[in-house]
Amino acid sequence: MSFLAPLMLIGVAGIAVPLVLHLIGRRRARRVRFAAIDFLFGSDKKVRKRLRLRERLLLAARILACTALPLALAKPYTACQASGPLVPHGPQAAVLVIDNSFASTFAIDEESMLARSRERARRILQQLGPEAEVAVLVTAEGAEAPSELSRDHLRLRDRIRAIESSSRPADLSAALRRAGQLLAGSSQRIRTVYILGTPAASSLRTGESPWPAGAVPQLNLVDPSDGQALDNMAVTGVTVEPDHETGARGIRVDAEVANFGAHQVRERPIALRIGNRVVARGLVTVEPGQRTRKRFTAALPPGTRAAELEVELAPDQLAIDDRRYALAERTAEIRVLLVNGDPRTVRYEDELFYLSAALRPGDRSDSGAVLTTATGDELMSQRLDEIDVVVLANVSALPAPAVSRLRQWVEAGGGLWVTAGSNVDVEEYDQRMSPLLPQNLSGAVDLVHGARGDERSGRALSLAKLEVDHPIFSVFPPDAPGLREAGYSRIVLLGPTTEVSRRQVLARYDNGTAALVEAEAGKGRLLLYTSTIDRDWNDLPIHPGFVPFVQQAVRHLARVSPRGRPRELLVGHQLLLDIGADTVRIDVDRPGGHRSVFEGEELADRRQVRFSETDAPGFYEVTDVKREGSGSARGDSDFAVNLDARGSDLRRAELAQLTRAPEHAGAVGSDTHERRVELWHAVAAALLLFLLAESFIVWRH
Amino acid sequence: MSAAGGGRTGRTGGGPDTVSELDLLDPVTVSRLETLPVRARVIVEGALSGLHRARLHGSSVEFAEHKEYSPGDELRHIDWKVYGRADRFYVKQFEQESELSCYLALDASGSMDYGEGGRSGGPGLSKLIYAAHLLAALAYLMIRQRDKVGLLVFGDESLDRYVPARARPAHLHDLLAVLEEVTRVGGRGSEPTSRALDRLGELTRQRRSLLIVASDLFEQPEGGALAVLRRLRARGHDVALFQILHPHELELPFEGLTLFESLEDRRELLVDPAAIRRQYKRRMASFLDKVRSECVRGGVEHHLVATARPIEQALLEFLTARAGRSPARAG
């Protein structure tokens with residue numbers, strides 16, 4: 001115990017006063033030599049004892065009162081360890097960074113860490129006092145941040161109370177950067193950042209220090225887990241592949257399970273659900289810091305081409321990442337009629353050689369495409385109702401009946417792809433093939449005419465501008481090296497057109513001319529490629545981008561979800577939804593029974609709409625509402641949203657990682673602090689008690 | 001007598017009808033008279049003034065024989081039946097009357113020293129001096145009656161005194177001298193009264209006597225003296241007890257913080273008397289009741305005397321009580 005005014009302790013000598021008074025009183029008391037002293041004491045020992053006790057109690061009460069008074073004036077206090085950081089009171093700038101990522105739902109004693117952090121934030125706000133300028137930030141990736149510090153503590157308290165957990169991982173680096181910006185704008189001398197949460201190494205991004213040079217704030221870590229180990233297991237990935245050995249509906253599901261804890265986890269139950277029914281169970285054992293794969297084989301329910309899958313781990317303290325969602329679908333077989341406009345006996349010289357190989361790699365039955373080849377003359381004899389896509393590869397202009405038939409077929413929902421070549425006569429195509437083209441042709445150009453060797457490659461065009469959001473190119477990385485490296489020596493040019501509303505140029509050469517053009521025709525689609533599909537006019541077929549290019553183009557024409565089109569997203573990510581020709585509204589049903597609606601101006605004059613409300617993990621169903629009022633579920637557009645597995649790694653960041661500022665060494669506050677406890681109030685109360693006791697004893701007798 | 005200065009008025013004939021009507025000297029005034037013999041005489045005369053000549057009789061007198069009347073004999077003892085037969089005057093002679101021995105026992109322990117003149121220095125006469133004067137008066141009266149009187153002073157075993165019973169007039173001086181010395185020395189010691197009375201019982205075992213005890217009966221254990229008194233009475237002695245108490249011991253009138261110190265040992269008590277007065281008086285009353293009832297039960301004559309009361313009054317009440325009890329009164 002220590003004292004604020006130790007000199008006051010001199011007054012403790014005052015305890016001699018009651019003693020002296022007692023002795024003086026005793027001495028000054030009238031002395032009477034009395035014969036009947038036995039009657040004073042009484043034969044009752046209790047009376048004697050009571051008298052003696054009263055005297056002693058009275059003396060004790062007076063001594064204690066005389067002791068308590070100087071003790072109270074000396075202002076005693078003691079120090080004790082209190083949880084939480086030492087929060088200064090008074091003018092200052094402070095930012096409270098609260099972890100609300102999905103990791104904050106980690107439960108300790110049936111209470112989430114977020115709830116604990118909110119409570120501690122509220123306490124810190126109270127301790128800061130009304131003169132402090134404060135901002136409250138959250139760490140979830142992409143969260144909005146306040147623009148300034150505030151003294152409106154009521155609003156800040158409401159903000160703290162309103163913080164809910166997000167399904168996104170934490171981005172502590174961004175939060176600290178924003179905190180640094182807010183504090184840099186303050187004129188207060190004392191600047192502090194309170195981090196309420198368990199900073200995980202996974203929440204830090206590489207980069208510069210968030211603090212401006214020379215303006216390093218005080219960092220205080222407030223750990224809601226109180227140092228407890230945050231062992232966590234999570235399902236971090238699910239892949240679904242057809243398993244033909246099981247059957248036509250067979251699937252193989254590989255689940256990746258990670259153990260981010262410090263101890264081995266033995267035989268943790270794991271299950272596979274299809275359509276909310278458990279179809280397979282297993283056990284996993286994972287070493288600390290390791291991952292493992294668990295394989296399930298199952299079959300899709302009969303009569304279904306697609307199903308919703310969940311891989312579920314026995315829940316631990318962070319339950320949200322113990323399941324992962326995936327969509328499984330049987331491979332859609334696309335029936336493609338390849339019309340060969342330039343058949344050759346030498347296979348690799350055949351117009352369709354590269355196209356056929358790309359659509360049916362290795363001629364495997366699971367390639368997803370059923371190919372039928374025909375010549376232009378045989379076209380009329382083909383049953384188009386059994387075909388999804390027709391490719392006119394370097395075909396001469398068709399007779400009118402064939403054109404009409406194809407046009408009707410396209411308008412009924414078919415997809416037609418016209419590729420150029422030496423057999424494409426521009427004038428004849430303009431006269432007869434216009435109904436089957438997105439845009440008329442104006443002529444063919446030989447770009448390398450007369451050039452030799454390297455000059456040929458120098459003059460050749462290459463694909464430069466690609467509509468990367470389009471389903472055909474969505475599977476390619478932004479630079480698309482497998483496409484852009486191809487050289488085009490001859491192309492056909494497109495003629496002018498005024499009908500641009502339903503036409504779209506999907507790719508251009510580096511000279512700006514169109515390479516790939518698409519148009520809607522009724523319920524179907526038209527696609528025009530202004531070069532050959534073989535190697536006659538370009539060398540795209542020998543570049544790695546050729547195969548995915550033709551596969552995506554065919555799938556797009558067949559209105560099948562492009563292979564590789566993201567059917568699984570991470571929380572917070574966006575995707576584009578196709579807008580059909582007569583779609584008036586698109587409904588997206590989200591987990592939790594919520595619905596997002598796109599209609600009116602959101603869809604007008606657009607082919608795609610951006611969907612960004614992927615805040616919750618689970619299955620999202622997309623429904624088209626057509627002009628005539630009917631709605632149909634677009635199974636191929638449904639998708640699953642999962643947590644970003646980075647947020648499941650709760651292993652704590654090292655201090656150096658957190659601050660990234662050498663001058664911070666030693667400037668980080670601890671989670672406990674020494675608190676002064678004033679004792680003089682208790683001593684003053686005791687003094688009052690002693691005085692009351694003394695008065696009572698005197699009054700009583 | 002002028003030194004007495006008391007409020008005494010002379011009365012001629014037709015004495016007062018009650019004791020309270022007597023104009024008596026206060027005990028302090030009596031105690032300031034010249035000598036104890038003088039004081040004793042004053043006390044006796046004061047007690048007997050206005051009353052018929054009284055004698056101290058033994059309570060258990062028995063007719064022994066007739067004796068021819070001679071001048072000075074009690075007229076009331078003349079046996080008129082014999083006169084009717086013999087035509088001569090004969091007086092009855094009683095055994096006690098002819099063999100009355102009286103022993104006076106004075107408690108001179110420390111507790112008797114409370115009051116003026118005592119070591120306590122309190123107001124009023126000390127109990128010891130009061131008791132000594134009372135016994136001196138009794139001795140004076142009985143010696144004048146030619147009764148044998150002895151004296152036992154107890155309290156401090158080293159200072160105890162015993163004077164055998166004699167009837168000679170000169171014996172009175174011996175008795176009074178011892179009493180005077182005791183009063184001068186003061187009360188001390190804490191010899192139990194019961195032990196002293198046992199000794200008295202031994203001294204008087206040969207013949208029945210009148211035993212007059214003057215004590216406050218403050219002894220431990222309480223009640224021992226009463227048992228001895230009852231035993232003495234049972235042996236045939238005529239026992240009378242003067243329980244002498246100071247008014248302070250009856251009322252505890254002290255105010256303010258007081259340190260009470262024992263007169264007989266080293267005990268002391270610092271207390272506000274007001275805080276314990278009620279309990280004290282209750283305890284004292286209970287003690288006095290017990291003494292009274294034990295005496296009644298044992299046939300012991302009990303007189304509670306406060307030292308503020310005139311000694312003559314106490315003596316007169318004692319004599320009056322004994323006269324009322326004596327069967328010789330019927331004459």
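Below, chains carry the letters A, B, ... as their sequence lines are ordered, and counting in each starts from 1. Reckoned from all heavy atoms, side chains included, excluding hydrogens, waters and symmetry mates.
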Trainee: Could you grab the distance from atom CG of B:Leu250 to atom CZ of A:Phe39, nearest 0.5 Å is fine?
Mentor: 10.0 Å
Trainee: Taking the basic N atoms (NZ, or NE/NH1/NH2) and the acidic carboxylate oxygens, is any pair closer than 4.0 Å for A:Asp38 and B:Arg267?
Mentor: yes
Trainee: So, for B:Phe260 and A:Leu40, which heavy atoms are closest and what is the spacing to 0.1 Å?
Mentor: CG-CD1, 3.3 Å
Trainee: Testing the basics here: between B:Tyr114 and A:Ala35, what is the closest heavy-atom pair and its distance to 0.1 Å?
Mentor: CB-CB, 4.2 Å
Trainee: Does any backbone or side-chain atom of B:Lys127 lie under 4.5 Å from a heavy atom of chain A? Answer side chain, backbone, both or neither.
Mentor: side chain
Trainee: Answer yes or no: are there more than 12 heavy-atom neighbours, outside A:Asp109 itself, under 6.0 Å from its atom CG?
Mentor: no
Trainee: Measuring from A:Arg31:CZ to B:Leu257:CG, what's the distance to the nearest 0.5 Å?
Mentor: 11.5 Å
Trainee: Does any heavy atom of chain A fall under 4.5 Å from the side chain of B:Leu245, the backbone, both, or neither of them?
Mentor: neither
Trainee: How would you list, by chain and number, every residue that makes a ring pair (Phe, Tyr, Trp, His ring centres under 6.0 Å) with B:Phe154, sequence neighbours excluded?
Mentor: none
Trainee: If you compare all heavy atoms of B:Met284 against all heavy atoms of A:Ala36, which two are closest, and at what distance to 0.1 Å?
Mentor: CE-CB, 4.0 Å
Trainee: Can you sort out the partners of B:His302 under ring pair (Phe, Tyr, Trp, His ring centres under 6.0 Å), two or more places apart, ordered by chain and number?
Mentor: none
Trainee: Which label fits B:Tyr280 and A:Phe34: parallel for a plane angle under 30°, tilted from 30 to 60°, or perpendicular past 60°?
Mentor: tilted
